[in-house]
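Take a look at the structure set out below.
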Amino acid sequence: MHEWSLAEAVVETAIDFAKKKQLTKLTKIKIRVGELQQIEEDIFRYALSEILKLKGDFVKDTEIEIEEEEVVLKCRICGHVWTGKEIFNILGEDDKEAIHFLPEVAHTYTKCPSCGSTDFEIIKGRGLYIDSITGDKS
Amino acid sequence: MHEWSLAEAVVETAIDFAKKKQLTKLTKIKIRVGELQQIEEDIFRYALSEILKLKGDFVKDTEIEIEEEEVVLKCRICGHVWTGKEIFNILGEDDKEAIHFLPEVAHTYTKCPSCGSTDFEIIKGRGLYIDSITGDKS
Amino acid sequence: MIDPRKNIIKERLESIKRIVAVSGGKGGIGKSIISTLTALILKDDGKNVGLLDMDFTSPSTHIILGQEKLPFPKEEKGIIPLNIDGLSYLSIVSYTQDNPTPLRGEDITNAILELFAITRWGNLDYLILDLPPGIGDVLLELLVLTRKIEFLLVTTPSSLSWQTFIKVVRLLKEQNIPIIGALLNMVNSSTYGFEEKIISSGVRYLGKLDFYRDLERYIGKPDEIMDTAMVKELKDILEDVL
Amino acid sequence: MIDPRKNIIKERLESIKRIVAVSGGKGGIGKSIISTLTALILKDDGKNVGLLDMDFTSPSTHIILGQEKLPFPKEEKGIIPLNIDGLSYLSIVSYTQDNPTPLRGEDITNAILELFAITRWGNLDYLILDLPPGIGDVLLELLVLTRKIEFLLVTTPSSLSWQTFIKVVRLLKEQNIPIIGALLNMVNSSTYGFEEKIISSGVRYLGKLDFYRDLERYIGKPDEIMDTAMVKELKDILEDVL
Ligand SMILES: Nc1ncnc2c1ncn2[C@@H]1O[C@H](COP(=O)(O)OP(=O)(O)O)[C@@H](O)[C@H]1O
Ligand SMILES: Nc1ncnc2c1ncn2[C@@H]1O[C@H](COP(=O)(O)OP(=O)(O)O)[C@@H](O)[C@H]1O
Ligand SMILES: [Mg+2]
Ligand SMILES: [Mg+2]
Ligand SMILES: [Mg+2]
Ligand SMILES: [Mg+2]
Ligand code: NI
Ligand code: NI
Ligand SMILES: [Zn+2]
Ligand SMILES: [Zn+2]
């Protein structure tokens, strides 16, 4: 349930932005979440809606769109590129939970399937971004 | 004149690549150099042509195209973005020479003109790249 | 594309009165031991204290506190720090245990951002940050994420530590970050004039801690270490400034 | 888009017989002093020796060698290392002097690539690399750029250094990088069983160096330091392995 703290970050940021742009209503927030972190979308959506409820009319009916970005890792030693399923299928529950909290500890639990190195670049699929914020102007 | 060592790197890399692709002749190398490093184009061109001469018919008449990529720095503290002229105009000769050898020491001699921070991202204009290698196939 | 995590950090740190980063640049000068003991001293004085281990390759504070392994912190609308010896405590070790965690600078930057965005420290009088050696991603990103921070600097009476100490001082001064003062650690016979050097660098000289030959015996025994002469010395030093 | 610099590194290192990286993970365990003394010992033995200081935030080897400032290395179809006390020597200090140089991981990666691509070491029997603390960009990028490398590891008899030492060992072993062995440094009265710990980690135990209370007096005086008991101890340790 640390999805809640991320949801707070999203709502605060969107409202700040909307007010700066002098919007009168926030109609939509488009969010991109990296697959690496394995955010539970149900919980995240629930948190977002609960937090929005506290923010009054300005965010009444704000639509939330969530897009998951696939993880792509690239080995710095051999250049091999690999993705989500190959990573998660072989992880234990505790390893997954550790990565859920702190995505960078993937470097502890995942290695290049081709050469065994833990020195890889996270090309895509890490972090949390707001892609766009839409609203009404008076 | 460490341009010479960079020229060697370019020629070796281009020939390796061309041979792997089974080219019979290397007709053109397109190079991109970051402005930050202040590579002297005359010296660099001279070094490239001298080194190419040693490599035989394979690189006879190889055309060299060099493009300089402008430096763009972005402050990690205040977000200010600034570019080449603003950087180099205020540098002493020794500072410039240090950066010529090791571009990263820009963090020692340059700071954000807006907030004074030395923690900036080098968005563009660092390093040396081969953009394309062109040749004939038999 | 906005990263919303940066935006929430101010709110996350709002309920903390003072954030004290323990640094000094060089490795092995006693940052971890001093930050841990400082946290324990303040807690024994009745304060609400947090301790965050920001050294991701050589996390040490959990070992000083006698914790071989660390459980996951609880989740409650974010992450709730562990309670270790009465300290609100967080370390990457909860997530890595004793496995190697080879992080590049970019990974470190992301990890710090995530930790600061999701941790709910609650009401604290002090949050002590144990920094890794170097003027690298951890120190720099910290200054990106918050300016509500003061530095407690450490150096040893060695020309090798001094070179980096003075660089850290210059960096912090150039950015107007408050420096509480500097502590001279591991003093054997002589201070080799480093007391004067600290003063002439424009940093408040807080005092010296002797070199304790048998300190290793107390690592992992926080209750026993609190009765040592070293902690007594440190208490005297900190009294006026924290 | 290809970075041609990576490609030339093999050639640049071809004329070097052995590349020895001094590491151990933790800061302040004696990596810089040991790498510098190792280079001097080998040179006094008649070998051609290079020393590269890879600690960009806390460069120390030049101070041990008594060089306050370093000139630019000469340019001759690349960079020709300085000659310091008979060593082929290179340090970022030539380019930064004693100014703070706050580098992020990405900058470090680029700087190492550049240095390795443009430096002409010439014929060397040994190139000694003094690594910074941490399992970070320097160590990792080094393993990206070359596999013609062996590690000389250092640790102190402290549970705090041990945690990182063992992580470095695991990382190197997993990648099949040769480890020459490990040296126990700064031994006071007791080794606290660390001799046995090193052996049981599967690394050759090379021997111990005492804690020399007056070492600081010899920093910056390479000629005098070569006559000390510490160098004698180190010579004995290295004799069989280098
Ligand atoms: N005052 C002191 N006397 C004796 N040993 C000390 C003292 N301070 C630190 N140490 C020891 O020195 C080593 C480095 O200390 P540590 O706190 O890990 O430094 P850092 O965090 O700066 O790397 C540890 O083994 C520690 O036990
Ligand atoms: N055997 C030793 N006896 C006494 N002091 C030592 C010994 N080895 C190193 N030192 C001192 O310990 C400090 C850290 O050594 P240094 O070589 O800078 O370590 P590192 O490079 O691992 O950070 C320095 O002040 C150095 O003079
Ligand atoms: Mg520490
Ligand atoms: Mg207790
Ligand atoms: Mg060192
Ligand atoms: Mg001499
Ligand atoms: Ni969660
Ligand atoms: Ni040049
Ligand atoms: Zn690989
Ligand atoms: Zn700025």
Side-chain angles (χ1 to χ4, degrees), chain A residues 1-17 20 29-34 36-37 39-40 43 47-48 50-51 69 76-77 93-111 117-123 126-133, chain C residues 1-12 14 52-54 56-57 59 69-82 90-122 137-138 141 145:
Chain A
M1 268 287 285
H2 78 292
E3 279 78 356
W4 189 280
S5 58
L6 296 174
E8 278 178 341
V10 168
V11 173
E12 294 295 330
T13 305
I15 291 179
D16 276 8
F17 179 90
K20 242 180 238 153
I29 310 175
K30 202 176 150 192
I31 305 168
R32 187 136 46 91
V33 294
L36 184 58
Q37 187 146 7
I39 283 184
E40 291 199 45
I43 301 179
L48 285 163
E50 290 296 304
I51 294 161
E69 186 180 81
R76 285 199 164 95
I77 299 295
E93 279 313 308
D94 269 9
D95 305 353
K96 271 191 211 158
E97 195 162 337
I99 294 173
H100 171 62
F101 286 119
L102 208 56
E104 282 66 38
V105 303
H107 289 278
T108 300
Y109 301 110
T110 306
K111 44 183 152 192
S117 165
T118 50
D119 186 20
F120 50 78
E121 197 181 341
I122 304 172
I123 305 263
R126 145 159 82 184
L128 170 69
Y129 298 96
I130 299 181
D131 260 341
S132 65
I133 296 163
Chain C
M1 219 172 61
I2 316 174
D3 190 325
R5 294 174 297 175
K6 284 202 176 170
N7 222 39
I8 201 79
I9 288 175
K10 203 174 164 204
E11 199 175 311
R12 295 276 180 258
E14 221 162 43
L52 173 62
D53 196 321
M54 297 187 77
F56 299 149
T57 38
K69 286 181 181 271
L70 292 173
F72 286 141
K74 260 191 298 191
E75 285 196 84
E76 223 178 278
K77 300 192 170 180
I79 278 182
I80 310 296
L82 301 173
L90 216 56
S91 161
I92 196 174
V93 173
S94 281
Y95 306 113
T96 61
Q97 301 307 333
D98 54 3
N99 298 298
T101 304
L103 301 181
R104 297 278 190 151
E106 194 193 0
D107 301 313
I108 289 173
T109 298
N110 267 286
I112 295 178
L113 174 58
E114 186 80 18
L115 275 181
F116 273 77
I118 67 179
T119 305
R120 294 180 177 272
W121 290 100
D137 287 273
V138 174
E141 190 61 19
L145 295 181

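- In this structure, C/Asp53 CG and C/Leu90 CG are separated by 9.5 Å, a value rounded to the nearest 0.5 Å.
- When each of A/Ile133, A/Asp16, A/Leu128 is scored by its heavy-atom pairs under 4.5 Å with chain C, the top score falls to A/Leu128.
- With chain A as partner, the option from C/Ile80, C/Leu113, C/Ile108, C/Asn99 having the largest number of non-hydrogen pairs under 4.5 angstrom is C/Asn99.
- From C/Tyr95, atom OH reaches atom CG of A/Asp94 across 12.0 Å, with rounding to the nearest 0.5 Å.
- Comparing C/Asp3, C/Thr96, C/Asn110 by how many heavy-atom pairs each has under 4.5 Å with chain A, the most go to C/Asn110.
- In this structure, the side chains of C/Ile79 and C/Phe72 stay at 4.5 Å or more apart for every pair of heavy atoms.
- Counting heavy-atom pairs closer than 4.5 Å to chain A, the top-ranked of the candidates C/Lys74, C/Gln97, C/Arg5 is C/Arg5.
- Using a 4.5 Å cut-off on side-chain heavy atoms (C-beta onward), C/Leu82 and C/Pro71 make contact.
- Listed options A/Gln37, A/Arg126, A/Glu121 were ranked by heavy-atom pairs under 4.5 angstrom with chain C; first place goes to A/Arg126.
- Only the backbone of C/Pro100 has a heavy atom closer than 4.5 Å to any heavy atom of chain A.
- Using a 4.5 Å cut-off between heavy atoms, C/Leu103 contacts chain A through its side chain alone, with no backbone atom that close.
- Considering only heavy-atom pairs separated by less than 4.5 Å from chain A, the leading option among C/Glu114, C/Lys6, C/Glu106 is C/Glu114.
- Contact of the C/Phe116 side chain with the C/Glu141 side chain is not registered, since no non-hydrogen atoms from C-beta on lie closer than 4.5 Å.
- Interface remark: C/Ala117 contributes backbone atoms only to the contact with chain A (heavy atom separation under 4.5 Å).
- A salt bridge links C/Arg104 to A/Asp119: at least one charged side-chain nitrogen sits closer than 4.0 Å to a carboxylate oxygen.
- How far NZ of C/Lys77 is from CD1 of A/Ile51: 7.5 Å, rounded to the nearest 0.5 Å.
- Of all the listed residues (A/Glu8, A/Arg32, A/Lys30), the one sharing the greatest number of non-hydrogen pairs under 4.5 Å with chain C is A/Glu8.
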